[in-house]
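Ligands are counted one by one from 1 in listed order, and the atoms in each one are counted from 1 as well.
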Amino acid sequence: MMRLALRLPLRRLGDKRWYSSADGFDATSSSSKAQPPSEAIDGFSVFPQELPSNAQDPSKDDFINDATSPPRTREQQMEYNKHESLRDWLGRQSRKRSVDEIVVLTGNIHRGSEILHNAVYNKGTGFNHSERERLGVRGLVPPRFFSIEQQAEKIWQQQVVMRESNAPKIARWRHLQALKDRNETLFYRLLQEHVEELAPVIYTPTVGEACLNYSRFFRRARGMFFTKDDVGHMHSMTYNWRGDVKIVVVTDGSRVLGLGDLGAHGMGISVGKLDLYVAGGGFDPQEVLPVCLDVGTNNKSLLNDKWYFGLNSQRLEGGDYYRVIDEFMRAIRHRWPNALIQFEDFQTKHALEILTNYRNDYLCFNDDIQGTAAVVLAGVYGALKVLGGKDRSEIRKQKFVMCGAGSAGMGIVAMLHKAVVKSGGLSEEDAYDNFYIMDNNGLITNERKLEFPREAAVEPFAKARKATKELPDGASLLDVVTKSKCTALLGASTVNGLFTEDVLRQMGEQNERPIIFPLSNPTSNAECTSEEAAKATDGRAVFSSGSPFEDAKGAVSGRLMRANQGNNLYIFPGLGLGALLSGAKTISEEMLVSSAKAISDMLTEDQIRRGCIFPLIKEIRNISARVAVRVIKQAAEEGQAKRSVVAIIESDDEHDTKLYKYVKRAQYVPEYRPTVFPVEESRRTVDDY
Ligand code: NAI
């Protein structure tokens with residue numbers, strides 16, 4: 001039976017209030033003697049509920065006598081008797097509706113309609129003849145069959161029209177979200193086929209804009225919210241989720257893409273990130289769980305926004321905050337013991353501590369700290385190739401200035417420092433000399449008073465950088481660049497325009513090929529644009545940014561500078577895939593370094609000649625598979641891999657190829673899978689086989 005919706009008035013029954021299609025109706029009497037409604041009258045079930053506070057007072061006469069209520073007067077009873085059922089009566093009367101009427105949904109759902117409205121199973125015009133017949137969708141979709149390739153082409157053309165008519169990116173984001181709400185398979189198909197162009201629409205920078213207004217854009221529930229009020233219930237809440245989970249992306253919305261505290265709107269970032277895990281890594285969309293921990297927000301404009309859908313309270317701090325995190329972590333592990341948990345966009349003061357607390361006991365990592373660091377390391381290895389370096393050991397010759405001592409900046413320098421030691425062969429102490437760290441107060445030296453534990457990661461670099469007359473604590477960026485004779489300028493400061501023309505020009509003067517990485521997101525926060533870098537260095541810079549930019553030309557020679565994007569997408573899907581497929585229990589630093597090496601190893605001679613420091617993002621599925629292979633091998637080296645994987649590695653010299661095939665086989669492919677036997681098949685009898 002089709003699901004039915006009836007609009008009915010509220011009625012008072014004694015002390016109880018009921019939203020009912022047949023509340024207290026007694027067909028034999030017009031008396032108002034209240035009877036609790038039966039479970040179902042004429043196919044309608046009834047639900048006792050509390051009356052909402054804003055509902056009209058049902059004791060008012062005009063409301064009691066509303067013509068849409070069941071028959072009570074003699075005339076009404078006679079009128080009713082002419083009709084077969086209460087449903088007909090109510091249907092006829094339903095023309096007269098008041099704003100206080102309640103929609104009561106009852107009855108069973110029709111299979112065909114349900115399938116069409118289920119984004120996981122829906123294929124739209126992609127249902128073949130047998131499926132239409134057997135699933136009850138025949139006649140419910142237009143007659144012509146379109147393959148997923150044709151459907152994807154049609155939607156893509158709509159995206160192209162939007163791009164060419166300069167539609168706002170957010171409109172493209174909404175167009176894609178609407179597709180995802182209708183048909184997930186097609187959504188991921190499109191995303192996978194056009195990942196280079198659509199990743200910036202689904203994720204940074206556009207998702208930032210979406211997160212700013214997420215309550216307003218909210219259409220359909222995705223993922224899970226855990227709040228401070230859920231403490232004590234989180235474990236049981238995980239059973240509200242539909243099934244198996246392989247990966248969880250969790251944020252507390254406290255520092256979304258450099259846009260600051262967006263509270264519960266952070267859900268947008270977890271959802272977007274997991275879309276990239278699916279499209280780029282090949283995770284099954286049915287096995288991913290986006291999570292937002294709503295621990296309040298300190299964002300005044302959100303707290304004053306009447307449509308804000310998060311908790312209307314200040315952020316939890318201290319022990320209370322960590323209790324929420326801890327219960328959440330335990331709940332996830334208890335329910336899905338093998339799931340990977342990825343921390344996303346936690347503010348620096350918590351990000352490092354959370355990572356430190358769980359990294360040795362849980363399969364988890366923080367993409368802002370570790371993923372960014374690995375992708376920047378991959379970029380530096382790639383840049384060494386563009387600079388004509390023989391091998392990775394040349395990293396020892398690089399002098400880095402890092403602007404930004406937050407979680408991203410310090411994660412990057414920690415990993416680069418490790419690489420200078422391991423690949424470059426310098427001692428730990430000597431390697432510190434290759435780094436100049438700056439924050440909003442300028443150069444950080446041994447004279448700086450650091451806040452603990454917040455700035456613990458800065459301490460070894462600060463200690464090693466002795467303040468001098470030339471470069472005192474707090475020295476300006478231009479001074480630091482000039483006097484350090486640095487070769488690489490990195491930005492994770494969230495300060496747009498920090499790399500001024502003077503600074504960029506100076507980098508160009510002291511280096512034949514200066515390395516310039518403005519990594520802050522979104523685009524509006526980038527330390528410089530590709531155009532500014534190309535202009536100031538005459539196109540000689542080896543450039544990589546966090547958000548996408550166009551290639552740009554040098555002002556004098558017209559030399560084309562490649563605008564690489566140091567997109568974490570190169571790392572996290574492959575890292576996650578490798579960790580899960582290997583059966584590892586934790587994610588080690590070496591797995592991240594292996595991922596970075598895998599990426600730079602994929603560069604072709606032609607790409608290096610053109611200034612590319614990363615392989616092409618459109619190859620992301622293969623890149624992720626290659627990264628996963630390295631991660632699996634690293635896990636095996638650490639004794640973390642499961643036996644079946646170790647067996648492949650130990651089998652013969654071809655194990656790289658075998659591991660690659662193993663990973664490729666595990667990747668989800670967005671295709672329409674048959675849901676029924678073809679009609680001819682199903683008509684066969686046992687004898688036919
Ligand atoms: P954060 O807010 O924790 O840290 C920002 C740091 O920049 C602070 O240490 C602050 O003192 C410093 N800073 C502020 N003004 C400065 C100035 N004028 N000069 C030098 N330093 C200055 O932020 P977090 O989490 O470290 O992220 C920083 C940026 O990195 C964000 O924009 C984020 O989007 C970006 N990021 C980029 C990624 C990528 O793939 N490219 C991945 C993760 C983060």
*Does an N or O anywhere in V495 fall below 3.5 Å from an N or O of ligand 1?*
no

*Of the listed options (L498, D345, D367, L257), which comes nearest to atom 18 (N) of ligand 1 when hydrogens are ignored and any heavy atom counts?*
L498

*asked:* Side chains of E527 and S493 only: does a donor on one sit below 3.5 Å from an acceptor on the other?
replied: yes

_Under 3.5 Å side-chain donor-acceptor pair for D261 and N299_ = no

*asked:* For ligand 1, which is the ligand I care about here, please tell me if G406 has any N or O atom under 3.5 Å from one of the ligand's N or O atoms.
replied: yes

*asked:* I'd like the name of whichever of R255, K349, E344 reaches closest to atom 25 (O) of ligand 1 through any heavy atom.
replied: R255

*Any heavy atom of T494 sitting closer than 4.0 Å to ligand 1?*
yes

*Please verify whether a non-hydrogen atom of D368 lies at under 4.0 Å from ligand 1.*
yes

_Does only the side chain of Q347 get under 4.0 Å from ligand 1, or the backbone, or both, or neither? Count heavy atoms._
neither

_A405 N/O under 3.5 Å from ligand 1 N/O_ = yes

*If you measure from each non-hydrogen atom of T204 to ligand 1, which part falls under 4.0 Å: side chain, backbone, both or neither?*
neither

*Among protein heavy atoms, which sits nearest to atom 33 (C) of ligand 1, and what does the distance come to when rounded to 0.1 Å?*
N521 N, 3.9 Å

*atom 4 (O) of ligand 1: protein heavy atom closer than 4.0 Å?*
yes

*Are any of the N or O atoms of G546 closer than 3.5 Å to those of ligand 1?*
no

*Does N567 reach ligand 1 with a nitrogen or oxygen that is under 3.5 Å from one of the ligand's nitrogen or oxygen atoms?*
no

*asked:* Only heavy atoms of G566, strictly under 4.0 Å: list the atoms of ligand 1 that pass.
replied: 40 (O), 41 (N)

*Using a 4.0 Å heavy-atom threshold (strictly under), name the region of N525 that reaches ligand 1: side chain, backbone, both or neither.*
neither

*Identify the closest protein heavy atom to atom 42 (C) of ligand 1: which residue and atom is it, and at what distance?*
T372 OG1, 2.7 Å

*Under a 4.0 Å N-O cut-off, is there an ion pair linking K180 with D275?*
yes

